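Being a predicted model, the structure only gives us computed values, none of them experimental.
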Protein chains: 2
Amino acid sequence: MAEAGNNPERANRILDAAARLIVHYGFDKTTVGEIAAEAGISKGAIYLHWPSKDELFAALLLREMQDFSREWIERVMADPDGGKLGVMFLHSLDVLARRPLLRALVSSDRRVLGDFLQRYDPSMFARRMTLNQDFIRLLQAAGAVRADVDPQTIGYILACLRYGYLLLPDLAPPEHTPPVEAIIQALADFLERALAPAGGGDSEAGKQVIRQLMAGVMQQWEQGKLA
Amino acid sequence: MAEAGNNPERANRILDAAARLIVHYGFDKTTVGEIAAEAGISKGAIYLHWPSKDELFAALLLREMQDFSREWIERVMADPDGGKLGVMFLHSLDVLARRPLLRALVSSDRRVLGDFLQRYDPSMFARRMTLNQDFIRLLQAAGAVRADVDPQTIGYILACLRYGYLLLPDLAPPEHTPPVEAIIQALADFLERALAPAGGGDSEAGKQVIRQLMAGVMQQWEQGKLA
DNA sequence: ATTTGACCCGATGTGCATTTTGGGTCAAAC
DNA sequence: GTTTGACCCAAAATGCACATCGGGTCAAAT
């Protein structure tokens, strides 16, 4: 822990600069010098905050995921139906899709991430799948998802949907892409009909699950146990 | 139309050989000489059947899609619930996923197809999206899908699912992938709950739609109007 | 005590001559 | 009448000498 580089405000400015450049040019094609220039400081100053470019990027990922969790939880809590799986999922997709870096990360975009992911944490994808399943399981226990679906299978189907949703816009011609709001709305409806228990389920119990799960996940992130 | 190369049986053997090699090495990395060797004939003989490597591949695609349509329709017709959208979709996914070449084609896998797709038909993806939407519209008219969903949006969601389903196995670790049968079963159930009209819809009417639509599509393929 | 930017050096890129590859042809063999 | 495979040639791959790039360092400036 460097004494000198203990300026969280400047660290955030550097991370902002890095994020802008990485989304635009990709991890490999963004140099430390460019990041410094974009942040308006010198190259050496970067190394007062992190010992290497990789560590800088790891910090960027951590911040990105923390921001995502925070924003997601806020939106779910503010939504009266936030505890329903469909609504939950749509909020997560929407927040995800609006953060270019995280979106590239979740869909494992090699152009943006270069060979960083492989070097840093090849098991990231596996962890995400496990998290998905635990999530469904908890929601079932809370009565927010039908009990008769298999968490692993449904987790996989949700991953298919998320993955397709994140990647399709780069492939499908714009004139065949409905407005984001329409897709999100339809997806929520879709999931609600497919997965909600008879009677609609308890939205408050669902919210409770998110609160608990995310608290645990954020703690793990801060301890560096999750990518 | 070459007189000499009018041997459909041998043409099929060559296409089989080409398919095996292309799935393994990709279009660009598969040479005409290798195809000939794999098929047990000489290079020159290939050119008795098709005027170029591109034309050979076009023929392969046509055959692949005809086979797909045939197999899909057979399975749908043989299934008592074949006319329901969920069941229909699962049969198409299952047939698709089991044909490596077609699977790579649908998910626009650049490794396998090289730059052929772009050269041959860049609008393929757009056509597929349009076809999806027409399909939903016809099923709605036949009463096999709820009338209050927007065909474009649902078509897009189905594309997300299909796309994710075809690409995920290459990314997700096997231990987090449920058995194909479980996914397919759950997907059918999923779609059924989400999209079937109240009362379950008319399965026979649904089958009728497939029969009509596919007859039209196959005709267009044979005339070379569709990729 | 901070911050800088010139400097280091392995890795990557560039330009170019040379070789190999591979789609397509066709005279000869069958 | 069919089929072959040596042959053609443009395009891509390879090898190589040389230049540049870029992550990381640290003595000097602020």
Taking atom CD1 of B/Ile46 and atom CD1 of B/Ile14, what is their separation to the nearest 0.5 Å?
4.5 Å
Length of the CD1-C1' vector between A/Ile14 and C/dT2, whole Å
13 Å
Find the distance B/Leu48:CG to C/dG23:P and express it as a whole number of Å.
16 Å
For the side chain of A/Val32, counting heavy atoms from C-beta on, which of D/dG23, D/dG24, D/dT4 is nearest?
D/dG23
Whole-Å distance separating the NZ atom of A/Lys43 from the C1' atom of C/dG5
9 Å
Find the distance B/Asp28:CG to C/dT21:C1' and express it as a whole number of Å.
13 Å
When the C1' atoms of the five terminal pairs at each end define the local axes, what inter-axis angle does the helix from C/dA1-D/dT30 to C/dC30-D/dG1 show, to 10 degrees?
30°
In whole Å, what is the span from the OH atom of B/Tyr47 to the P atom of D/dT2?
20 Å
Nearest to the B/Arg10 side chain among C/dT4, D/dG24, D/dT3, which nucleotide is it?
D/dT3
D/dG22 C1' sits how many Å from A/Phe27 CZ, rounded?
12 Å
Check the phosphate of D/dG23 against A/Lys53, side-chain N and O only, distance under 4.0 Å to OP1 or OP2. Yes or no?
yes
Exactly one candidate in A/Asp79, A/Ile184, A/Ile210, A/Leu96 meets side-chain contact (heavy atoms from CB on, under 4.5 Å) with A/His91; the answer is A/Asp79
Taking atom P of C/dT2 as reference, at what distance in whole Å does atom CD of A/Glu9 sit?
16 Å
How would you list, by chain and number, every residue that makes a side chain to side chain contact (heavy atoms under 4.5 Å, CB included) with B/Arg111, sequence neighbours excluded?
B/Asp109
Compare side-chain N and O positions of A/Thr31 against OP1 and OP2 of D/dG22 and report whether any pair is under 4.0 Å apart.
no
Spacing of B/Ile22 atom CD1 and B/Leu105 atom CG [to the nearest 0.5 Å]
11.0 Å
Listed by chain and number, what are the side-chain hydrogen bond (donor to acceptor under 3.5 Å, both in side chains) partners of A/Thr30, not counting sequence neighbours?
none
Under a 3.5 Å threshold, yes or no: a donor from one side chain and an acceptor from the other, between B/Arg63 and B/Gln66?
no
Is the Lys NZ or Arg CZ of A/Lys53 less than 6.0 Å from the centre of A/Phe27's six-membered ring, within 45° of the axis?
yes
Figure out the CH2/P separation between A/Trp50 and D/dG24, and round it to whole Å.
13 Å
